[in-house]
Structure formats: C-alpha cells, structure tokens
Amino acid sequence: MDLPQEWKHTTNIYEVNVRQYTKEGTFKAFEKEMPRLKNMGVKTLWFMPVTPIAQQNKKGSLGSPYAASDYTSINPEFGTMDDFKHMVNEAHRLGFKVIIDWVANHTGWDHIWTKTNPEFYLRENGTFKMASGMDDIIELDYQNKEMRQKMIEAMKFWVKETGVDGFRCDLASWVTVDFWEEARPELEKIKPLFFIGEFDELENPEHGKIFDASYSWKWMHKSADFYKNNMPIRELIDLLRKYSQIGDSSMRAWFTTNHDENSWNGTEFEKYGDITKPMAVFSATWNGIPLLYSGQELPNLKRLEFFEKDPIEWTNNCAMADFYKTLLNLKSSNPALRGGDQNVVTYLLNTTANDKIFAYIRKNKWNEVLVILNFSKEEVEFSIEDENVSGVFKNVFDSTKRDFNNGKDFMFKVSDFAVFEK
C-alpha cells in the first residue's frame with residue numbers, strides 16, 4: 001500500500017480554483033488540464049471546496065465556496081457528483097493524489113443542518129453566531145458530540161464515495177484540537193490519508209501533532225515585509241530557525257501565493273517584486289512541501305475575483321511552466337530535498353554578501369542540493385566561503401557542470417538564483 005508516510009516526503013501541492021480555472025468553470029473542463037499539470041511535475045491536486053454554496057447572506061453573485069450549504073453534495077456550478085468522481089479517477093490514473101478543502105469551522109446560513117439540527121451551532125443574540133468578521137458564515141459548536149460525529153461521517157463520505165486521498169483543512173486551528181484527534185484515526189480506518197492544516201505551527205503547536213503539514217503564515221508575512229521594508233536577512237533566518245526547531249514530525253508548506261493572498265493581498269509579484277522567482281525557488285527547495293496556486297505557471301498577473309466569475313486568462317504559452325517543472329521534478333526526485341526526513345541536513349552557507357545573498361545546501365548521504373538566491377534589489381558580486389560546498393555539481397536549470405574546488409565566485413543580477421545538484 002502506498003502510505004502517505006512515504007509519498008508526503010516528496011510531494012508538492014497544486015491548488016485548483018475550479019471556478020476561475022477555465023471559462024466553463026467545471027470539473028470536466030479542468031480534467032482536460034491534468035495531463036499538462038502532470039507534465040509540469042505536479043503530484044497532489046488540492047481542490048478548493050467542492051460543496052454547494054449557501055444562498056442566504058452570500059457575497060457577490062456567486063458566493064464563497066467556503067460557505068457550504070451541504071457537506072455531502074456537489075456545487076452544481078462545477079458539475080455533478082459523477083463528474084467529480086470521474087475527475088478523481090482520471091487524476092489517480094495519471095498518478096496524482098487528490099485532496100479536497102474541508103471547512104469544518106463554519107457553514108453558510110442556510111446549510112441543511114440549520115433546519116435539521118440547529119443545536120449544532122453556536123448562538124449569539126438569539127440567532128446563529130456569525131464567524132469572526134465574515135457575515136456569510138456561522139460557527140459550529142464543537143461541544144456538541146452529535147455534530148462532531150456527523151462531521152466525521154461527512155468526511156468519510158468523500159473518502160469512501162469518491163476516493164480522495166486526504167484533506168486541506170480550512171482554518172484548522174479555529175477548530176478545537178480534540179476534534180482532529182478524534183477525526184483522523186476514525187477516517188484512517190478506511191485508508192491512510194494526508195492532512196494539511198491551515199494554521200502556523202509556531203502559533204498552534206498542538207495541532208501540529210495531528211497534521212502531516214501546516215502553513216507557514218509567519219514566513220509569508222515576514223518575507224513580504226522583508227522585501228517591502230528592506231529588513232535584514234537575519235530576521236528571515238531567525239524565523240526559519242524557529243520553524244526548524246519544531247522538528248520533523250510535521251512539515252511546513254511554503255508558498256508565494258494562494259487563493260486568499262491573490263484575491264485580497266495581491267499577486268506574488270505585487271508582494272515580492274524582484275525576489276518573486278528566488279522566493280519560488282526557496283519554496284520548492286527548503287524543508288517541507290511546495291504549494292502552488294492555479295495560474296502561477298502562466299504567470300497569472302491579476303488578482304482573481306473571489307465571489308464572481310473571473311477566469312484565469314490562459315495563453316498557449318505558460319512562460320513559467322518549465323521553471324516550475326525543473327523545481328518540482330528536483331523536489332520529488334532528489335533525496336536531499338525530502339521534506340520532514342531526519343536523514344536530510346540543511347546548512348546555511350556563509351558568503352561574502354550575507355546581507356544580500358541567501359544560500360544553503362541540503363544533504364542526504366551522497367545527494368546534495370545547493371541553492372543560492374539573490375534576496376536583494378541590486379547586483380551582487382560574491383563568493384561562497386563555506387567548507388560545506390565542494391566538488392562537482394550540475395546546474396539544474398541549464399545542465400552545466402561546475403567544480404567548486406576551483407572557485408566559488410558569483411556575479412548575480414537582480415532576481416538571480418542558482419540551483420545545483422550533486
């Protein structure tokens with residue numbers, strides 16, 4: 001059996017926004033894109049919520065996928081349950097793992113439970129309790145044992161009926177940790193599953209014990225501030241050390257954008273400017289799991305509407321596809337990039353420009369991956385002064401060889417990066 005304990009170490013995750021992915025905005029239309037994504041090296045497809053959207057108090061003309069009206073049916077906007085099952089089967093045939101977004105903290109105002117089991121919800125001012133700051137959703141009551149059981153049954157439905165391989169758990173830390181402790185073993189009686197939680201383990205360490213992977217929100221905010229406010233690299237390194245101290249029982253997911261970031265805070269280019277590509281290289285090569293969002297391979301330069309139809313403007317040329325293909329294939333094939341593996345050691349490297357260049361080497365026995373990133377807004381001439389780098393490496397982007405015993409000097413332009421493997 002292909003246990004998640006094994007494939008999770010080499011996987012990457014590609015977030016699918018079905019509504020905006022194609023003009024049709026359906027599972028059938030997305031299915032045609034899957035061979036292209038397989039060719040790009042994508043391993044795990046994460047689908048934003050596929051459940052129907054509540055109509056009461058909905059936002060915009062289409063509403064938020066995160067405001068469910070029923071946990072065990074399909075959003076008709078995307079097609080039918082049979083369409084979804086067909087797509088999952090086809091994804092599995094192509095070698096993908098499939099995970100779905102699970103929104104356990106809240107539902108929409110006219111979710112089926114509001115009629116059948118109103119006691120499943122928290123109350124406020126004589127009505128259902130609105131989720132903090134979001135008036136289209138209402139909070140569930142995790143003190144209610146029957147509700148918890150029904151939630152687990154709903155999750156089981158998707159594993160049994162559609163064969164999904166796991167869940168991306170929305171706002172996982174807003175849900176009491178003992179629910180996840182109860183839910184995961186119950187679900188894994190069906191088959192081993194992969195769980196990634198939307199929480200930062202530095203803030204919610206107790207959730208980290210249950211999830212295979214978690215978000216790196218602190219890193220995302222800190223790295224954006226770093227670029228915009230010209231902060232010292234030292235602050236980034238200090239934060240990465242804190243993440244590393246968590247240990248290997250769980251992994252971090254690293255990303256430059258996702259559905260929330262793109263729609264509300266801007267594209268990765270708005271956030272990271274000159275270091276967008278170096279940040280993407282970091283996300284694919286640091287310890288953990290790379291997370292990509294729909295359209296990054298284009299690249300998509302626009303903020304996608306969240307509550308309206310606003311399709312990605314695909315062209316025949318995905319200019320970043322080869323860039324990501326190189327990184328994703330390296331991540332899944334080189335043992336030095338295995339996430340959450342105690343056999344991998346990561347060394348931060350000393351250079352003559354430590355205030356501008358972020359360099360590290362990851363080693364797993366005789367496998368080595370060397371990553372050098374220009375995190376500054378200027379040209380940098382520098383050399384690596386570190387005994388951890390020696391011998392002959394191959395540049396993964398242009399296949400040229402370099403013997404670092406004959407010198408470690410570099411000249412990097414703005415936005416430059418280099419990745420070598422041994």
Side-chain angles (χ1 to χ4, degrees), residues 11-55 58 60-103 108 154-155 157-168 170 194 258-259 262-263 291-298 300 302 304-318 321 324-325 328:
T11 201
N12 55 66
I13 300 175
Y14 184 96
E15 179 185 4
V16 182
N17 182 337
V18 178
R19 175 182 286 170
Q20 314 301 16
Y21 211 91
T22 57
K23 287 199 165 50
E24 301 89 337
T26 62
F27 298 131
K28 278 184 175 165
F30 175 74
E31 201 176 294
K32 296 175 186 148
E33 305 288 334
M34 295 196 304
R36 174 179 68 78
L37 294 173
K38 178 181 170 62
N39 182 52
M40 196 170 89
V42 171
K43 295 290 189 193
T44 299
L45 297 169
W46 148 31
F47 290 90
M48 284 169 66
V50 297
T51 46
I53 295 171
Q55 297 303 297
K58 78 174 176 188
S61 60
L62 294 177
S64 167
Y66 292 86
S69 66
D70 181 1
Y71 277 124
T72 53
S73 29
I74 284 285
N75 182 352
E77 185 191 332
F78 300 156
T80 65
M81 182 65 80
D82 281 343
D83 293 341
F84 180 73
K85 289 178 181 176
H86 188 280
M87 182 187 67
V88 173
N89 288 339
E90 184 59 14
H92 284 153
R93 191 185 69 75
L94 288 168
F96 292 110
K97 300 296 182 188
V98 176
I99 61 174
I100 56 170
D101 219 314
W102 196 257
V103 189
M155 295 176 84
F157 167 86
W158 293 94
V159 182
K160 282 180 178 163
E161 293 297 317
T162 72
V164 296
D165 303 293
F167 299 92
R168 178 267 183 189
D170 181 67
F194 175 81
N258 58 34
H259 64 274
N262 169 278
S263 293
L291 193 62
L292 270 73
Y293 181 45
S294 301
Q296 280 196 266
E297 65 270 36
L298 244 178
N300 169 42
K302 73 172 182 176
L304 300 172
E305 289 283 342
F306 208 76
F307 310 117
E308 309 293 342
K309 182 70 179 158
D310 183 22
I312 295 166
E313 289 158 9
W314 295 103
T315 63
N316 291 329
N317 173 32
C318 287
Y324 281 114
K325 181 177 183 172
L328 297 181

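Note that the structure is a prediction, hence the values are computed from the model and not measured.
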**Q** Do Ile74 and Phe27 touch side chain to side chain, with heavy atoms closer than 4.5 Å?
**A** yes
**Q** With rounding to the nearest 0.5 Å, note down the distance linking CG in Asn12 to CH2 in Trp46.
**A** 13.5 Å
**Q** Is it the case that the side chain of Glu308 and the backbone of Glu305 share a donor-acceptor pair, with hydrogens and angles ignored and the cut-off at 3.5 Å?
**A** no
**Q** Are Leu292 and Ile13 side-chain neighbours, meaning at least one heavy-atom pair lies under 4.5 Å?
**A** no
**Q** For the residue pair Trp158 and Phe84, categorise the inter-ring angle as parallel (less than 30°), tilted (30 to 60°) or perpendicular (more than 60°).
**A** perpendicular
**Q** Please examine the side chains of Ile53 and Glu77, heavy atoms only from C-beta on, and report whether any two atoms are closer than 4.5 Å.
**A** yes
**Q** Checking side chain to side chain contact (heavy atoms under 4.5 Å, CB included) between Pro49 and each of Ile100, Asn75, Val18, Val103, which is the one that passes?
**A** Val103
**Q** Can you tell me how the ring of Phe30 sits relative to the ring of Phe47, calling it parallel under 30°, perpendicular over 60° and tilted otherwise?
**A** perpendicular
**Q** Given side chains that start at C-beta, do those of Phe306 and Pro65 come closer than 4.5 Å, heavy atoms only?
**A** yes
**Q** Nearest 0.5 Å please: distance from the CG atom of Leu298 over to the CH2 atom of Trp314.
**A** 5.0 Å
**Q** With a sphere of 6.0 Å drawn around NZ of Lys309, does it hold more than 12 non-hydrogen atoms of other residues, nucleotides or ligands?
**A** yes
**Q** After noting the C-alpha distance and the side-chain angles of His259 and Tyr293, does the key distance pass the side chain to side chain contact (heavy atoms under 4.5 Å, CB included) rule?
**A** CA-CA 7 Å; His259 64 274; Tyr293 181 45; 3.6 Å; yes
**Q** Could you tell me whether the side chain of Arg19 and the main chain of Thr26 form a donor-acceptor pair under 3.5 Å?
**A** no
**Q** With side chains defined as the heavy atoms from C-beta onward, is the minimum distance between Phe167 and Phe194 less than 4.5 Å?
**A** no
**Q** Among Pro311, Ser263, Ser294, find the residue that satisfies the side chain to side chain contact (heavy atoms under 4.5 Å, CB included) test when tested with Asn17.
**A** Ser294
**Q** Nearest 0.5 Å please: distance from the CD atom of Glu297 over to the CE atom of Met40.
**A** 4.0 Å
**Q** Quick one: does Leu37's side chain get under 4.5 Å of Leu45's, heavy atoms only?
**A** yes
**Q** Closer than 3.5 angstrom, by distance alone: can the side chain of Lys38 be matched with the main-chain N or O of Leu94 as a donor-acceptor pair?
**A** yes
**Q** What's the separation between atom CZ in Phe78 and atom NZ in Lys28, rounded to the nearest 0.5 Å?
**A** 15.5 Å
**Q** Quick one: closest heavy-atom pair of Pro76 and Pro52, and the distance?
**A** CD-CB, 4.3 Å
**Q** Show, in sequence, the C-alpha distance, side-chain angles and deciding distance for Glu161 and Lys85, and conclude whether the side chain to side chain contact (heavy atoms under 4.5 Å, CB included) test is met.
**A** CA-CA 8 Å; Glu161 293 297 317; Lys85 289 178 181 176; 3.8 Å; yes
**Q** Are Asp170 and Tyr66 linked by a side-chain donor-acceptor pair shorter than 3.5 Å?
**A** no
**Q** Within the distance-only criterion (no hydrogens, no angle test), does the side chain of Asn39 pair as donor or acceptor with the backbone N or O of Arg36 below 3.5 angstrom?
**A** no
**Q** For residues Leu304 and Gln20, report the shortest heavy-atom separation together with the two atoms involved.
**A** CD1-CB, 4.3 Å
**Q** Just so I know, are the side chains of Trp102 and Met155 near enough to count as touching, which here means a heavy-atom distance under 4.5 Å?
**A** yes
**Q** Is the side chain of Glu31 donor-acceptor paired with the backbone N or O of Glu90 at a distance under 3.5 Å, no angle test?
**A** no
**Q** So Asp165 and His92, do their side chains get closer than 4.5 Å, heavy atoms only?
**A** yes
**Q** Could you state the interatomic distance from OG1 (Thr72) to CZ (Phe157), rounded to the nearest 0.5 Å?
**A** 5.5 Å
**Q** With a 3.5 Å distance limit and no angle check, can you tell me whether Lys58 reaches the backbone of Ser64 through a side-chain donor-acceptor pair?
**A** no
**Q** Start with the C-alpha distance between Lys302 and Asp310, add both sets of side-chain angles, then the distance that settles salt bridge (Lys or Arg N to Asp or Glu O under 4.0 Å), and finish with yes or no.
**A** CA-CA 10 Å; Lys302 73 172 182 176; Asp310 183 22; 2.7 Å; yes
**Q** In Å and rounded to the nearest 0.5 Å, what is the CD1 to OH distance from Ile99 to Tyr14?
**A** 14.0 Å
